[in-house]
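A quick write-up on the structure given underneath.
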Amino acid sequence: MATRSTKKRITDAALELFEEFGFHAVTVDRIVKQSHTSKGGFYHNFTSKEELLYTIHESFITYVLTKADEVQSRYDTPAERLYEVIRSFVRMFEVYRPHVTVFYQEGKHLSADYFKRLEAKRDEYKNTMFQLVENGIEEGEFRKELPVPITSMAIFGMMNWTYKWYKSSGLYSLQDIANIFGDLVMNAVLTEEARKQQKYQHFFLNSTHV
């Protein structure tokens with residue numbers, strides 16, 4: 001338990017420092033001081049500052065992959081799966097927004113080996129999205145004229161950019177935003193026939209009262 005607590009304190013301190021000052025400007029000594037730990041505690045949990053940066057990135061990517069797998073096993077149709085994957089990704093920012101911010105700001109500092117490992121997980125998530133859209137078209141739920149790659153990457157772009165503008169003090173909560181994004185995407189991709197199905201009415205805001 002003590003090791004996990006120390007690791008979390010180090011990670012939280014590094015997230016704050018990396019986001020404000022950048023990866024290269026922050027030393028291990030500074031992380032240790034900010035986290036009120038020790039160098040021994042740091043090197044017990046991480047072999048280097050770079051491994052710490054990798055762990056920050058890896059944690060949220062693993063989280064969204066796990067959530068996507070849960071959605072795949074829980075829901076039966078491509079429409080339900082896509083809707084819930086979008087919402088689970090947006091809700092991820094409740095915990096991992098600092099991780100995503102540091103990922104986009106400082107990921108370029110990872111070595112080729114670390115970056116390759118992260119890229120494999122990112123590709124896995126991207127392929128999941130592509131497959132969801134493709135399955136929806138094949139099963140007649142999504143509009144067949146929408147190209148799978150463009151539709152999938154448009155969804156990614158909308159979701160990923162949330163970290164830049166979302167504020168917890170804003171008018172809408174992350175749950176609200178998750179529902180709004182779900183509504184936007186499903187209104188865009190569903191066929192007219194699928195939109196009329198009763199089981200999909202909760203996708204739309206006039207049904208969820210956001």
Side-chain angles (χ1 to χ4, degrees), residues 7-28 30-31 34-35 42 45-69 71 82 84-133 149-182 184-185:
K7 186 172 185 177
K8 187 176 188 315
R9 285 157 60 194
I10 291 169
T11 302
D12 289 346
L15 280 166
E16 186 177 331
L17 292 168
F18 290 163
E19 186 172 359
E20 184 172 357
F21 302 105
F23 178 74
H24 282 311
V26 177
T27 63
V28 169
R30 193 168 183 181
I31 295 169
Q34 177 101 350
S35 61
F42 182 94
N45 287 282
F46 306 100
T47 59
S48 65
K49 190 175 70 166
E50 186 186 17
E51 186 188 35
L52 170 55
L53 180 61
Y54 167 78
T55 301
I56 286 170
H57 298 350
E58 197 265 349
S59 61
F60 86 84
I61 294 173
T62 299
Y63 176 87
V64 294
L65 278 169
T66 300
K67 289 298 180 182
D69 286 343
V71 166
L82 179 60
E84 295 299 338
V85 162
I86 290 167
R87 294 170 77 242
S88 70
F89 189 98
V90 175
R91 291 195 300 266
M92 170 269 295
F93 290 110
E94 291 174 356
V95 177
Y96 291 101
R97 187 185 177 200
H99 300 66
V100 178
T101 302
V102 169
F103 174 80
Y104 284 113
Q105 287 181 180
E106 308 301 325
K108 58 185 178 292
H109 299 304
L110 289 171
S111 67
D113 179 57
Y114 279 129
F115 195 81
K116 188 175 181 180
R117 282 192 252 171
L118 284 179
E119 201 168 40
K121 288 200 170 187
R122 290 168 66 189
D123 287 345
E124 184 180 346
Y125 195 79
K126 183 178 76 173
N127 291 337
T128 296
M129 181 66 73
F130 277 46
Q131 193 64 57
L132 282 174
V133 175
I150 295 174
T151 303
S152 301
M153 296 311 292
I155 296 169
F156 274 130
M158 182 175 69
M159 296 191 307
N160 286 338
W161 205 247
T162 306
Y163 86 95
K164 271 288 193 182
W165 54 262
Y166 169 71
K167 294 185 184 302
S168 58
S169 59
L171 179 62
Y172 295 101
S173 69
L174 280 171
Q175 182 63 56
D176 293 335
I177 295 167
N179 291 339
I180 291 166
F181 280 10
L184 287 170
V185 172

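What's counted below: heavy atoms across the whole structure, side chains too, no hydrogens, waters or symmetry copies. Here the structure is a predicted model, which is why all the values come from computation and not from measurement.
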Q.
Within this structure, what is the OG1-CD1 distance for the pair Thr11 and Ile31, rounded to the nearest 0.5 Å?
A. 9.0 Å
(Q) Any non-hydrogen side-chain atom of Phe18 less than 4.5 Å from a side-chain atom of Thr101? (A) no
Q: Using the six-membered ring of Phe156, assess whether NZ or CZ of Lys126 lies under 6.0 Å from its centre and within 45 degrees of the ring axis.
A: no
Q. So which of Phe23, Tyr114, Tyr104 actually passes ring pair (Phe, Tyr, Trp, His ring centres under 6.0 Å) with His109?
A. Phe23
Q | Min side-chain heavy-atom separation Met92-Lys67 under 4.5 Å | A | no
Q.
One pair to check against side chain to side chain contact (heavy atoms under 4.5 Å, CB included): Val26 and Gln34. What are the steps and the verdict?
A. CA-CA 11 Å; Val26 177; Gln34 177 101 350; over 6 Å; no
Q: Quick one: pull up CG in Leu174 and CG in Asn179 and give me the separation to the nearest 0.5 Å.
A: 11.0 Å
Q: Inspect the contact between Glu119 and Arg122 and indicate whether a charged nitrogen and a carboxylate oxygen are less than 4.0 angstrom apart.
A: no
Q. Should we say atom NZ of Lys116 is surrounded by more than 12 heavy atoms from elsewhere, each under 6.0 Å from it?
A. no
Q: In sequence, state the C-alpha distance, the side-chain angles, and the governing distance for Arg87 and Glu84, and then conclude on salt bridge (charged side-chain N to carboxylate O under 4.0 Å, His left out).
A: CA-CA 5 Å; Arg87 294 170 77 242; Glu84 295 299 338; 2.9 Å; yes
Q. Quick one: do the Gln105 and Glu19 side chains pair a donor with an acceptor below 3.5 Å?
A. no
Q: Show your working on side chain to side chain contact (heavy atoms under 4.5 Å, CB included) between Tyr63 and Val95 and close with a plain yes or no.
A: CA-CA 10 Å; Tyr63 176 87; Val95 177; 5.9 Å; no
**Q.** His99-His57 side chain donor-acceptor pair, cut-off 3.5 Å
**A.** no
Q. Could you go step by step and tell me if Met153 and Met158 meet the side chain to side chain contact (heavy atoms under 4.5 Å, CB included) rule?
A. CA-CA 9 Å; Met153 296 311 292; Met158 182 175 69; over 6 Å; no
Q.
I need the Leu15 CG to Ser59 OG distance, nearest 0.5 Å.
A. 7.5 Å
Q: Before giving the answer on side chain to side chain contact (heavy atoms under 4.5 Å, CB included), spell out for Trp165 and Ile177 the whole-Å C-alpha distance, their side-chain angles and the decisive distance to 0.1 Å.
A: CA-CA 12 Å; Trp165 54 262; Ile177 295 167; 3.9 Å; yes
(Q) Consider ring pair (Phe, Tyr, Trp, His ring centres under 6.0 Å). Of Tyr125, Phe181, Tyr96, which one does Phe89 pass it with? (A) Tyr125
Q: Give me the ring orientation class for Phe60 and Phe103: parallel if the planes are under 30° apart, tilted from 30 to 60°, perpendicular past 60°.
A: perpendicular
Q. Atom CG of Leu53 and atom CG of Leu118: how far apart are they, to the nearest 0.5 Å?
A. 8.5 Å
Q | Minimum heavy-atom distance Val133-Ser152, with the two atoms named | A | CG2-OG, 3.5 Å
Q. Would you call Glu16 and Pro98 a side-chain contact if the rule is heavy atoms closer than 4.5 Å?
A. no
**Q.** Taking every non-hydrogen atom, the tightest pair across Leu52 and Ala14
**A.** CD2-CB, 3.5 Å
**Q.** Backbone of Arg91 reached by a side-chain donor or acceptor of Gln175 within 3.5 Å
**A.** no
Q | Tyr166 ring center within less than 6.0 Å of Phe93 ring center | A | no
Q. When rounded to the nearest 0.5 angstrom, what distance separates CD in Glu106 from NE2 in His24?
A. 8.0 Å
Q) For residues Ser173 and Asp176, is any side-chain donor paired with an opposing acceptor at under 3.5 Å? A) yes
Q. Roughly how far, to the nearest 0.5 Å, is the CD atom of Glu51 from the CG atom of Asn45?
A. 9.0 Å
Q.
Ile155 and side chain to side chain contact (heavy atoms under 4.5 Å, CB included): which single residue from Leu132, Asn160, Ile150, Ile86 fits?
A. Ile86
